[in-house]
Asks: 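Take this structure first; my questions come after.
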2 protein chains.
Amino acid sequence: MTTTTKKYKPGKIRERNEEIILKAAEQEFVLHGFKGTSVQAIADRAGLPKANIHYYFKNKNNLYRAVLEYITQLWNEVLSGISEDDDPATVLHEFIRTKVELSYSHPRASKLFAMEIIQGAPHIREYIRSDMRKWVRSKTKVFDAWIESGKMDPIDPVHLIFMIWSTTQHYADFETQVLTLMNRAEYEREDIDRITQMLSHIILKGCGLEVPELTKPEVQLEPTPDLVE
Amino acid sequence: MTTTTKKYKPGKIRERNEEIILKAAEQEFVLHGFKGTSVQAIADRAGLPKANIHYYFKNKNNLYRAVLEYITQLWNEVLSGISEDDDPATVLHEFIRTKVELSYSHPRASKLFAMEIIQGAPHIREYIRSDMRKWVRSKTKVFDAWIESGKMDPIDPVHLIFMIWSTTQHYADFETQVLTLMNRAEYEREDIDRITQMLSHIILKGCGLEVPELTKPEVQLEPTPDLVE
DNA sequence: GTCTATAGATTGATAGAC
DNA sequence: GTCTATCAATCTATAGAC
């Protein structure tokens, strides 16, 4: 098994360290923003000397973009394949459920993405203009078909997507406010299920759809691993 | 009229300069966060030497808190006096309308507040725990009474408030994303009215309330004055 | 009240020994 | 691949002339 080849498991160290750095970077960037985060702070959190960060990612900008890239990959997977033959209520409910689940399992990813957009999206303008716009177009096409065939109220599909994004991401982005106002330390499983049910109830009913039976989600992600599973 | 008193219009200069600085500070803090914003950048935007900022506000922290204080004052005025004798549909519609209006007239205030909370609300923890919690308690009491008397669906009032906050603030905080995806340069009056109508339709109907007739808002705020009217 | 000059700490990034 | 030492630039804040 263990031959005498020079490099045992090549690139394994690099891979491991890059993950450690990315994880530390995500936390610092959420706490202080891109400009407000020092490479030293990331290094301290990662338990590595500052020079190693530059060795692996060359500069702060590259590191930030690497973190954002991971997040956009996550976002792209939501509601991937739907068609106008699907049931509107089922699809919308699943959309809401998945997004609430993501807010619970990857709160920091959601927060960092939100901060980037609030500040004017200087690093992901192009992503929004291309990939994200394509994603929205493909979904609105299906929603429009549902409306035309009288399956749901004539709600502008783009704004319906905004509504689902905003209500679900709110529980990740405004976590501090939500938990403080509810006098709670952290979310629990039951909270997530109740939030999903409540949002689904209002939005589906508000769109003129039948509110479906409660469905136990098949996959339940664990909280806060965020970057690097 | 103009007597020979030493100080003509005392404190007038101070008042004017503080406003200029606050306005410049708000813009910079939104763009780069608290840590990422330099006093020099604020001074440049205000057209004043850096030392003057310290003369008026002593340090960066005080300046930041002054900006936040202005914003929390704005937030406190929303939905100030309601009672369980009021009509639920009317109150909720007015709540939604006012918040959309605020997103349009004070987008930067909304953004800065959002960033502060996303980063863990380090400067306004106490405000949330006291004033904001009181505000929420007083509203949920009324909502609960409506539910108990069968006037609306049994939606958890706290989460209903979160829903209205998130959906309305989204148009200010995620302005860049919203406008890019809609392929628009900026919001116009008609957008704001349509957004209000759409949100009101879904949320009221979703809560089991009658969707009211369209009402022309009495007061229309102009966009982007933000800090300092 | 205004503004220049500057102190003292921290920043992003690199060189070079190990 | 790791890490110390260091540079030039920038940071917050202040002292003090006007």
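Lettering follows sequence order; numbering is per chain, from 1.
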Asks: The side chain of B:Asn17 is closest to which nucleotide in this list: C:dG1, D:dT14, C:dT2?
Replies: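 Side chain of B:Asn17 sits closest to C:dT2.
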Asks: Examine C:dG1: is either OP1 or OP2 under 4.0 Å from a nitrogen or oxygen in the side chain of B:Tyr56? Give yes or no.
Replies: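 For C:dG1, neither OP1 nor OP2 has a side-chain N or O of B:Tyr56 closer than 4.0 Å.
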Asks: Tabulated below should be each protein N or O lying under 3.5 Å from an N or O of nucleotides 10-12 of chain D; please produce it.
Replies:
residue : atom : partner : partner atom : Å
D:dT12  : OP1  : B:Thr37 : O            : 3.1
D:dT12  : OP1  : B:Val39 : N            : 3.3
D:dT12  : OP1  : B:Lys60 : NZ           : 3.2
D:dT12  : OP2  : B:Val39 : N            : 3.0
D:dT12  : O4   : B:Lys50 : NZ           : 3.4

Asks: C:dG16 C1' sits how many Å from A:Tyr55 OH, rounded?
Replies: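 Answer to the nearest Å: 15 Å.
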Asks: Could you tell me the separation between the CZ atom of A:Phe57 and the P atom of C:dT14, rounded to a whole number of Å?
Replies: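 Distance, rounded to whole Å: 16 Å.
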Asks: Do you know the tightest heavy-atom contact between A:Pro157 and A:Thr140?
Replies: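 So the minimum-distance heavy-atom pair works out to CB-CG2, 3.6 Å.
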Asks: Rounded to whole Å, please give me the gap between CD in A:Glu28 and C1' in C:dG12.
Replies: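 In whole Å, C:dG12 C1' and A:Glu28 CD are 16 Å from each other.
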Asks: Which whole-number value in Å describes the distance from B:Leu63 CG to D:dA13 P?
Replies: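 It works out to 10 Å between those atoms.
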Asks: So, for B:Glu28 and B:Ala41, which heavy atoms are closest and what is the spacing to 0.1 Å?
Replies: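 Residues B:Glu28 and B:Ala41, closest heavy atoms: OE1-CB, 3.6 Å.
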Asks: What pairs meet the salt bridge (charged side-chain N to carboxylate O under 4.0 Å, His left out) rule with one or both residues in residues 126-141 of chain B, with sequence neighbours excluded?
Replies: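 Every pair satisfying salt bridge (charged side-chain N to carboxylate O under 4.0 Å, His left out) with a residue in residues 126-141 of chain B: B:Glu126-B:Arg129.
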Asks: With sequence neighbours excluded, what pairs up with A:Tyr64 under the ring pair (Phe, Tyr, Trp, His ring centres under 6.0 Å) test?
Replies: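 Applying ring pair (Phe, Tyr, Trp, His ring centres under 6.0 Å) to A:Tyr64 gives A:Phe29, A:Phe34, A:His123.
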Asks: Please report the distance, rounded to the nearest Å, between CD1 in B:Ile53 and P in C:dG1.
Replies: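 After rounding, the gap between these two atoms is 14 Å.
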Asks: Where does the angle between the aromatic ring planes of A:Phe162 and B:Tyr171 fall among parallel (under 30°), tilted (30 to 60°) and perpendicular (over 60°)?
Replies: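 Answer is perpendicular, since the angle exceeds 60°.
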Asks: Take atom CG of A:Leu48 and atom P of C:dA13, then tell me their distance rounded to the nearest Å.
Replies: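 A:Leu48 atom CG is separated from C:dA13 atom P by 17 Å.
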Asks: Verify whether the ring centers belonging to B:Phe143 and B:His159 lie closer than 6.0 Å.
Replies: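 They do not qualify: ring centres at least 6.0 Å apart.
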Asks: Which nucleotide sits closest to the side chain of A:Asn52: C:dT2, C:dT4, D:dC3?
Replies: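 Looking only at side-chain atoms, A:Asn52 lies closest to D:dC3.
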